[in-house]
Amino acid sequence: MLSSIIQVSPSLSSGRTPSLAHSTHPDPDKRIHALEALKHQLEQPDASIEALDRDRDLVQALKPCLKSSNSLVSNHALAALEPYFAALGREHRTLKYALTQLVPWEKLADAKPATRTSAARVILAAAHAALLQLHSDASSAAAPWTLIEAGLKEHGFASKNARAREQAVHILATLRADSSTHALPPLRPFTPSLLPLLADADPHVRSAALDSTIRIFTDPAVSDAARADLKKEMQRVG
């Protein structure tokens with residue numbers, strides 16, 4: 001039960017699953033301890049969201065921790081989210097709802113490199129979970145991946161913040177890096193977003209875009225049609 005994981009007050013000994021109010025306990029040390037315990041349990045090989053969650057309460061417990069103004073709390077929430085999305089990918093439970101509530105898009109632009117890196121790892125875990133559904137026979141399987149695709153373009157490639165644009169490029173390259181370990185995302189939706197970044201005003205974004213474009217399109221897994229799309233887009237943007 002979730003109450004045995006995110007138990008931040010002795011008053012929660014009734015076994016009732018904690019609500020949003022419980023996860024915003026004023027003592028950050030208690031929330032951090034709870035998040036560490038949750039992360040540890042989610043990292044177990046036999047971790048089951050079914051055993052931890054009830055009526056989406058886990059999402060509602062994690063969300064305020066992720067949004068917390070206390071950086072230690074929010075960073076511990078990020079750390080717990082990576083194995084959480086990995087477990088959701090295995091079970092295909094409430095994934096779409098979790099994607100709408102917990103993907104830390106805004107943290108791709110964070111001033112702290114460690115936070116940006118943690119956010120990128122969470123987004124990669126969420127993307128892998130969505131890709132598993134996209135390439136399965138599950139009903140409405142495309143919906144979770146559509147959320148990732150739209151979020152990556154809106155909050156990453158099209159962001160006004162150069163740090164977020166750079167992270168988006170690295171995320172796409174990583175997702176396309178190894179087809180032996182996970183399903184690959186479609187390239188066509190991202191090519192028009194990636195190519196303009198080769199001329200980005202920020203040198204870090206330009207460098208990441210160039211390196212990632214080479215990595216992605218020289219991979220043997222890339223189809224001739226994808227390379228043709230690349231050439232067309234290069235001609236379009238000059």
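Along the sequence shown, residues carry numbers from 1. As the structure is a prediction and not an experimental result, all values here were calculated from the model.
Pro113 is not listed as a side-chain neighbour of Arg163, based on a closest heavy-atom distance of 4.5 Å or more. For the pair Leu35 and Leu62, the minimum side-chain heavy-atom distance is below 4.5 Å. For the pair Asn75/Ser118, no side-chain contact is recorded, criterion being any heavy-atom separation below 4.5 Å from C-beta on. Within the 4.5 Å cutoff, the side chain of Asp219 has no heavy atoms near those of the Arg176 side chain. Taking the side chain as every heavy atom from C-beta outward, Leu195 and Met234 approach each other to under 4.5 Å. Counting only heavy atoms from C-beta outward, the side chains of Phe157 and Pro196 never approach each other to under 4.5 Å. Using a 4.5 Å heavy-atom threshold, the side chains of Leu99 and Phe85 count as touching. Put simply, the side chain of Ile216 reaches to within 4.5 Å of the side chain of Leu194, judged on heavy atoms.
From Gln101, atom CD reaches atom OH of Tyr97 across 4.5 Å, with rounding to the nearest 0.5 Å. Remark: Ile171 CD1 to Ile123 CD1 distance equals 4.5 Å, nearest 0.5 Å. Atom OG of Ser223 is separated from atom CZ of Phe217 by 9.0 Å, given to the nearest 0.5 angstrom. The distance from the OG atom of Ser159 to the NZ atom of Lys153 is 15.5 Å, given to the nearest 0.5 Å.
Of all non-hydrogen atoms in Ala127 and Leu175, the two that sit nearest each other are CB-CD2, 3.7 Å. The shortest heavy-atom contact between Asn70 and Pro28 is ND2-CB, 3.6 Å.
Among residue pairs with one or both ends in residues 102-111, those qualifying as salt bridge (Lys or Arg N to Asp or Glu O under 4.0 Å) are Lys67-Glu106; sequence neighbours excluded. A side-chain hydrogen bond (donor to acceptor under 3.5 Å, both in side chains) check over residues 229-238, counting only residues at least two apart or in different chains, returns the pairs Arg188-Asp229, Glu233-Arg236.
Checked for salt-bridge contact, Asp200 and Arg165 meet the test: a charged N lies under 4.0 Å from a carboxylate O.
A search for side chain to side chain contact (heavy atoms under 4.5 Å, CB included) contacts involving Arg215 returns Ala173, Ala177, not counting sequence neighbours. For Glu154, there are no side-chain hydrogen bond (donor to acceptor under 3.5 Å, both in side chains) partners two or more places apart in sequence or in a different chain. Ala86 is linked by a side chain to side chain contact (heavy atoms under 4.5 Å, CB included) to Arg90, counting only residues two or more places apart in sequence or in another chain. Remark: Asp211 engages Ser207 in a side chain to side chain contact (heavy atoms under 4.5 Å, CB included) (not counting sequence neighbours). Ala208 is linked by a side chain to side chain contact (heavy atoms under 4.5 Å, CB included) to Glu166, Val169, His170, counting only residues two or more places apart in sequence or in another chain.
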Counting only pairs under 3.5 Å, give me each side-chain donor-acceptor contact of residues 76-83, with atom names and distances, residues two or more places apart or in other chains.
unit_1: His76; atom_1: ND1; unit_2: Leu72; atom_2: O; d: 2.8
unit_1: His76; atom_1: NE2; unit_2: Glu36; atom_2: OE2; d: 3.2
unit_1: Glu82; atom_1: OE1; unit_2: Arg121; atom_2: NE; d: 3.4

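Side chain of Gln133 to main chain of Ala129: no donor-acceptor pair is present (N/O by atom type, distance under 3.5 Å, no hydrogens or angles). Listed for the Arg116 side chain is no donor-acceptor partner under 3.5 Å among the backbone atoms of Ala164.
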Discussion item. Does Val59 form a side-chain contact (heavy atoms from CB on, under 4.5 Å) with Tyr84? I'd like the steps, not just the answer.
Written reply: CA-CA 10 Å; Val59 170; Tyr84 171 68; 3.2 Å; yes
Item to complete: Just do the side-chain contact (heavy atoms from CB on, under 4.5 Å) check on Leu131 and Leu184 with the steps written out, would you?
Response: CA-CA 7 Å; Leu131 284 168; Leu184 294 177; over 6 Å; no
Worksheet item: Does the pair Leu58 and Leu38 meet the rule for a side-chain contact (heavy atoms from CB on, under 4.5 Å), with working shown?
Response: CA-CA 10 Å; Leu58 185 52; Leu38 175 62; 3.9 Å; yes
